[in-house]
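Bear in mind the structure is a predicted one, so any value in this text is a computation, not a measurement. Below, all heavy atoms of this structure are taken into account, side chains as well, without hydrogens, waters or symmetry copies.
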Amino acid sequence: MSDRSEAPTTPIRLADYRPPAWSVEHVELSFDLGIDRSEVEATLTLERHAAEPLRLNGEGLELLELSVDGRRLVEGEYRLAEGVLDIDIDAPRCTLRTRVALRPAENTAFEGLYLSGSRDKGFLLTQCEAEGFRHITFFPDRPDVLSKYTVTLRADKSRFPVLLAGGNPDGAGDLPDGRHWARFVDPHPKPSYLFALVAGRLERISHDYTTADGRKVALHIWAEADAIDRCDYAMDSLVRSMQWDESAYGRSYDLDVFHVVATHDFNMGAMENKGLNIFNAKYLLADPDSSTDDEYRHVEAVVAHEYFHNWSGNRVTCRDWFQLSLKEGLTVFREQSFSADMNSAPLKRIEDVALLRRAQFPEDAGPLSHPVRPSQYSEINNFYTATVYEKGSELVRMLAGRLGPAGFRKGMDLYFDRHDGQAVTIEDFLRALGDANRIDLMPYLDWYAQAGTPRLSAEGRHDAGNRRYRLVLRQRTPAGTGQTDKHPVPIPVRLSLFDGNGRALPLRLEGEASADGAERTVVLDGAEKIFIFEDIDAVPVPSLLRGFSAPVILEYDYAPDELAVLLRHDRDGFNRWEAGQQLAGLAFDDCRDGRDKGAAISAWTQALADLFADASIDDALLAELLTPPGEIELVERQLERDPQHIRVSRQRMLAALAQRIGAATLRKRYDALAARTTGALDASSQARRQLKRRVLDLLALIAPQDTRQLALTQYEQAPGMTDRLNALVTLATLDGKAAEASIAHFRQRYEGNALALDKWFAMQAQLPGDDAFARVQALEADPAFTLKNPNRVQSLIGTFARANPTGFHRADGAAYRWLADRLLALDALNPQVAARVATAFNGWKRLEPVRREAAHAVIAELSARKDMSRDLTDILGRVALG
């Protein structure tokens with residue numbers, strides 16, 4: 001079941017925002033739950049604020065009864081059309097009661113109330129963000145309508161023994177005919193997108209927690225019986241998240257109970273419903289045998305993210321969906337800060353920037369580009385993007401850097417206290433931070449309003465006679481979709497200067513009496529600005545944008561030997577990695593253009609060989625330094641995208657690195673790491689596994705026969721999923737035929753483990769080579785594959801289309817036509833998932849001519865159809881513009 005659109009949806013515009021004509025003081029919901037049919041009775045206490053009819057949203061609902069102040073309305077006294085219910089009401093206040101019927105088992109779109117799992121064993125749950133509540137009952141379904149909720153659930157006790165909703169429990173009991181009931185009351189006003197319920201057969205683990213302000217809270221994590229023993233790490237992460245938020249932001253939890261539920265059928269990662277978080281099981285379940293180190297970190301991060309929403313999103317929410325980054329970007333920043341404190345701050349920064357460049361920079365450079373706060377949208381589900389989340393987080397990080405730790409905390413305290421219980425805007429956020437620090441932060445609003453990634457160019461000149469270094473910074477943002485005139489934005493640039501031996505120089509700007517440390521932050525707040533540093537004896541090597549102090553593309557004409565200095569000596573962990581990434585980019589250019597002995601490839605391989613021999617360097621950092629930009633990022637170094645040529649050139653440069661380090665040296669390090677391998681989850685154990693993977697991959701390029709046996713042994717003896725999956729990937733990449741037995745063994749070992757099988761599908765979907773497309777087509781026939789499960793779709797179809805450039809971008813266009821067919825099938829089931837997979841076509845105009853023409857033909861054919869959902873129509877319409 002999904003909503004289809006016969007005509008283009010009228011865009012929703014920020015400029016057209018008007019406050020709600022009616023507010024809802026209290027919502028009383030009563031559910032009679034069943035799989036095939038559920039009934040919902042809603043009683044709304046309403047107050048008028050403007051002389052307009054009462055307008056309620058409602059989609060896919062069977063209206064059974066409608067009354068106002070106890071009087072039942074008949075046809076002619078209301079208007080119901082195209083998902084909108086209008087009622088003319090003269091009174092300033094009234095009580096509206098509706099009764100509707102729903103069909104959860106038919107709801108394959110997973111919006112509103114739906115069934116997760118099979119009819120006999122699955123359970124009922126809801127997803128209401130962004131506009132799912134209108135699939136449950138008639139309501140002014142917009143985030144600036146905040147109401148207090150009382151929810152009563154009734155269901156068959158044997159089929160639905162667990163009944164949960166947001167808020168505090170307020171009674172439960174048995175009913176005739178084997179049924180039972182439970183009531184929940186939420187004392188905090190919330191928007192409808194934060195409503196949630198769960199009903200079914202679930203098990204739980206629990207923990208008693210006392211908040212910093214003395215409230216006793218019962219923490220419960222719920223999952224199906226076969227998964228509940230994999231929830232302990234999530235509970236540990238939740239407790240640490242609550243403690244961290246109390247310490248870092250002074251924010252405590254505010255209800256008597258906190259529920260978290262895992263489901264395998266979910267469109268998103270997780271949902272922060274007030275008091276009842278619902279998680280995609282992928283981000284909640286973890287155990288060493290079936291979860292990788294990365295997945296443990298993701299569980300920790302997503303649990304924290306959803307909990308932090310209790311204040312940055314729930315207690316203070318968005319006025320409208322244009323302000324989505326106000327909760328998501330801010331909460332991503334809070335989540336990233338937590339993860340940095342729990343683990344390694346430099347490595348976390350590297351991970352976050354790598355994700356930004358891999359996911360958001362291409363989005364910003366293509367037809368799906370949009371501002372962090374868009375000016376209009378056609379389908380809000382399509383704006384849960386890397387721009388809103390990751391770039392939005394970077395904007396908060398800039399503000400935090402501008403104010404400093406104490407100033408940012410002071411600003412956040414004012415923001416939460418000033419706007420508690422309100423639906424607010426980006427302007428309110430900037431004003432609170434600024435007012436707390438007596439600073440005008442409104443110039444940063446342009447960051448939220450403009451699409452595209454600013455390009456920061458830097459030019460340095462040394463004046464030996466006057467011992468001065470003149471640094472010129474300039475900025476420009478390329479014109480993009482719908483925006484041709486871009487304004488300069490404030491860009492904070494953290495920097496240091498190094499001499500040729502890698503010593504950081506003391507920095508004294510012109511006009512200052514003395515140097516103030518070896519690192520400074522300067523702000524480029526116009527199109528161009530000049531900074532002059534005194535007492536610089538020789539030409540320095542600038543370390544710019546340290547810590548990635550602004551989400552920009554840096555353009556500086558570094559020589560390979562300058563980057564090698566930073567790679568070897570920079571004390572900023574991020575900039576050390578960044579120097580390696582830039583030097584690797586130049587090395588790629590050498591290999592791409594046939595300069596196998598060029599200056600860049602020589603400098604890159606020698607610097608990394610030296611670092612490889614340095615026993616003092618951290619294993620995890622070394623693993624990151626040994627990982628050059630991926631094929632997706634390297635696209636930006638070519639005017640026209642030829643995925644096969646990019647892969648060949650990248651493999652050639654990696655082989656050159658492996659040769660420079662030497663097979664014997666690599667093997668010795670691998671053996672030493674393997675000898676210390678355990679399944680432990682501490683940071684040093686994870687670092688060893690990470691480095692071992694990189695060493696094995698390098699060995700595979702120059703000693704394939706030996707590596708095949710090493711990988712097979714590692715697979716067979718692996719103490720956990722990280723080593724097992726890494727070995728399997730290496731085996732399959734080296735020789736698909738030789739890896740078939742191990743691939744089949746993995747499939748059998750994890751039969752029935754949905755998340756492990758997702759990895760099995762994704763691993764094969766990523767394998768490059770001429771047979772990649774045929775392999776994916778064959779995997780569709782596996783009994784475990786289904787289009788009805790979002791995780792399974794993303795693991796096979798999404799991974800192949802987005803993460804296998806050589807396989808997906810075949811010159812004959814066959815994979816494009818295949819994906820088009822899958823999109824149409826998906827769209828009939830779950831429009832949100834179809835739209836997300838369709839973003840794989842982003843950037844098609846950058847392909848070389850043969851592939852470009854093939855992709856364009858498929859996109860044009862799809863875009864011309866009139867029978868697709870709003871979600872997919874919107875994405876393909878924008879992608880078609882190129």
Side-chain angles (χ1 to χ4, degrees), residues 325 328-329 332-333 336 348-374 382-398 446-458 475-483 486 489 491 493 544-545 547-556 574-575 577-582 584-586 588-589 624 627-641 643 646 650 801-803 805 809 836 839-847 875 878-879 881-882:
S325 191
E328 295 301 348
V332 169
F333 171 75
Q336 290 173 348
K348 178 59 179 169
R349 193 68 187 123
I350 291 169
E351 174 188 316
D352 294 338
V353 176
L355 173 62
L356 184 80
R357 289 174 172 168
R358 188 170 61 249
Q360 197 278 322
F361 277 18
E363 186 173 274
D364 240 353
L368 298 180
S369 175
H370 63 86
V372 172
R373 181 169 71 177
N382 291 336
F383 279 84
Y384 286 76
T385 62
T387 296
V388 165
Y389 281 69
E390 274 68 44
K391 186 174 181 179
S393 170
E394 294 298 322
L395 304 193
V396 177
R397 185 179 298 275
M398 279 199 303
D446 281 335
W447 272 104
Y448 286 92
Q450 294 183 168
T453 306
R455 292 182 175 268
L456 173 68
S457 65
Q475 64 168 295
R476 61 183 175 86
T477 303
T481 305
Q483 290 185 327
K486 302 294 180 73
V489 291
I491 300 177
V493 181
L544 303 171
L545 217 64
F548 202 64
S549 56
V552 301
I553 294 174
L554 175 64
E555 298 172 340
Y556 182 85
F574 171 81
N575 265 41
W577 171 82
E578 173 68 356
Q581 294 290 289
Q582 291 190 44
L586 296 177
F588 170 82
D589 294 343
E624 294 289 352
T627 308
E631 293 172 32
I632 294 173
E633 295 104 304
L634 292 172
V635 164
E636 299 304 315
R637 306 189 76 86
Q638 291 194 244
L639 291 177
E640 289 188 334
R641 183 177 177 184
I646 291 172
R650 186 177 185 271
R802 285 193 293 262
H809 295 291
R836 290 186 183 124
T839 61
F841 282 121
N842 188 33
W844 65 271
K845 277 194 174 180
R846 291 283 304 278
L847 293 166
I875 289 293
R878 288 191 280 148
V879 165
L881 297 175

So, the side chain of [X] versus the backbone of [Y]: is there a donor-acceptor pair under 3.5 Å, distance only?
{"X": "Arg358", "Y": "Gly630", "value": "no"}
{"X": "Trp447", "Y": "Val372", "value": "no"}
{"X": "Arg650", "Y": "Pro629", "value": "yes"}
{"X": "Arg637", "Y": "Gly585", "value": "yes"}
{"X": "Asn575", "Y": "Leu544", "value": "yes"}
{"X": "Lys486", "Y": "Pro478", "value": "yes"}
{"X": "Glu363", "Y": "Thr387", "value": "yes"}
{"X": "Gln483", "Y": "Ala451", "value": "yes"}

**OP:** I would like to know whether Gln450 and Thr477 meet side-chain hydrogen bond (donor to acceptor under 3.5 Å, both in side chains); could you show each step before the answer?
**Re:** CA-CA 9 Å; Gln450 294 183 168; Thr477 303; 4.7 Å; no
Starting at [atom1] of [X], measure out to [atom2] of [Y] and round the result to the nearest 0.5 Å.
{"X": "Ile646", "Y": "Phe588", "atom1": "CD1", "atom2": "CZ", "result": "5.5 Å"}
{"X": "Glu351", "Y": "Trp577", "atom1": "CD", "atom2": "CH2", "result": "10.5 Å"}
{"X": "Leu368", "Y": "Phe383", "atom1": "CG", "atom2": "CZ", "result": "9.0 Å"}
{"X": "Arg476", "Y": "Ser457", "atom1": "CZ", "atom2": "OG", "result": "7.5 Å"}

**OP:** Only counting residues at least two apart or in another chain, list the ones meeting side-chain hydrogen bond (donor to acceptor under 3.5 Å, both in side chains) with Glu394.
**Re:** Arg349
Original post:
Listed by chain and number, what are the side-chain hydrogen bond (donor to acceptor under 3.5 Å, both in side chains) partners of Arg836, not counting sequence neighbours?
Top reply: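 Listed in chain order: Gln832.
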**OP:** Mind telling me whether Tyr384 and Tyr389 have parallel, tilted or perpendicular rings, with 30° and 60° as the class edges?
**Re:** tilted
Original post:
Can you name the residues that form a salt bridge (charged side-chain N to carboxylate O under 4.0 Å, His left out) with Arg641, not counting sequence neighbours?
Top reply: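 With neighbours one apart ignored, the set is empty.
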Subject >> Closest contact, heavy atoms only, Gln475 versus Val489 >> reply: NE2-O, 2.8 Å
**OP:** Taking the side chain as every heavy atom from C-beta outward, state whether Phe548 and Asp352 have any atom pair closer than 4.5 Å.
**Re:** no
**OP:** State, with a plain yes or no, whether a side-chain heavy atom of Asn842 is found less than 4.5 Å away from one of Arg878.
**Re:** no
Original post:
Could Glu578 and Arg357 be called an ion pair, given the rule that one side-chain N must be under 4.0 Å from one carboxylate O?
Top reply: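 Yes.
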